[in-house]
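Written below as structure tokens is the structure these notes are about.
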Amino acid sequence: MSQWIYFFDLCGTAVFALSGALAAGKHRMDPFGVIVLASVTAIGGGSIRDALIGATPVFWIRDPNYMLVILATVIICLVLVRKPHKLPPRSLSIADAFGLALFTVIGVEKSLLLELSGMVAVVMGLITGVGGGIIRDLLCRQIPMVLRTEIYATASIVGGICYTLSIFVGMDSMTSMLIAMFSTLIIRLSAIRWHLSLPAFDLKTKRI
């Protein structure tokens, strides 16, 4: 893994850890709960990805820097963010959007390095991007963001496709990563700003 990819992976870990910590603060969890929620949000998706593609032991077991980044993020959040209810209403969604963009690219990149097909790489990018958030939301007893009507998983899929196609047409890894991250981020932030959503699958039975 190149230094830039490793750097982006750690950044994504920090952003998702912040997302988990903010969610824990909104639900008034104790410091241990904050650490747990930040950890599963940050490494949950990547752990599922590594288990599926056979990259074991999973990444955070092989490299303790990921856990150090999570702990540092939690400590900073606990010290600086004392009143989560006074944070902007969309702070959690925006932090989650940046994590989604970063982790989608990391998931696709790792899959392509293992010579998996482009379609599988896009799916692994999706799992990496949304897996931790699903676990976080379930622990908070909320419907996961990926299952709500607002565009979420679609942004990750588009980003994964952009990265895969960019690599296949011969673009360098850094350019491909930036294109994919910005694509994911723009779609997700636009969905947050203007409440964009896909048409709902609504089966209503007619009354006789």
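In what follows, every heavy atom counts, from backbone to side chain, and hydrogens, waters and symmetry copies are set aside. This structure is a prediction, so every number in the text was calculated from the model and none was measured. The first residue in the sequence is number 1, and the count goes up from there.
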Open item on the list: I'd like to know whether Ile70 forms a side-chain contact (heavy atoms from CB on, under 4.5 Å) with Trp60, so could you lay out the CA-CA distance, the side-chain angles of the two residues, the decisive distance to 0.1 Å, and finally the verdict.
Closed with: CA-CA 11 Å; Ile70 292 171; Trp60 59 271; over 6 Å; no
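- Contact detail for Ala155 and Thr184: the closest heavy-atom pair is O-OG1, 3.4 Å.
- Nearest heavy atom pair, residue Ile192 against residue Ala97, reads CD1-CB, 4.3 Å.
- Across all non-hydrogen atoms, the minimal contact from Leu138 to Pro144 is CD2-CG, 4.0 Å.
- When each of Ile127, Ile53, Ile43 is paired with Ile48, the side chain to side chain contact (heavy atoms under 4.5 Å, CB included) condition holds for Ile127 and for no other.
- Closest heavy-atom contact between Val108 and Val122: CG2-CA, 4.2 Å.
- Pairing each heavy atom of Thr104 with each of Gly159, the nearest pair is CG2-C, 4.3 Å.
- In this structure, Ser19 and Val15 have side chains that are not in contact, with every pair of non-hydrogen atoms separated by 4.5 Å or more.
- Shown here are the salt bridge (charged side-chain N to carboxylate O under 4.0 Å, His left out) partners of Arg136, two or more places apart in sequence or in another chain: Asp96.
- Among residues two or more places apart in sequence or in another chain, the side-chain hydrogen bond (donor to acceptor under 3.5 Å, both in side chains) test is passed with Asp137 by none.
- Among Thr41, Ile35, Val36, Leu37, the one residue that satisfies the side chain to side chain contact (heavy atoms under 4.5 Å, CB included) test with Ser39 is Ile35.
- Among residue pairs with one or both ends in residues 91-113, those qualifying as ring pair (Phe, Tyr, Trp, His ring centres under 6.0 Å) are Phe16-Phe103; sequence neighbours excluded.
- Of all the heavy atoms in Asp30 and Gly33, the pair that sits closest is OD1-N, 2.7 Å.
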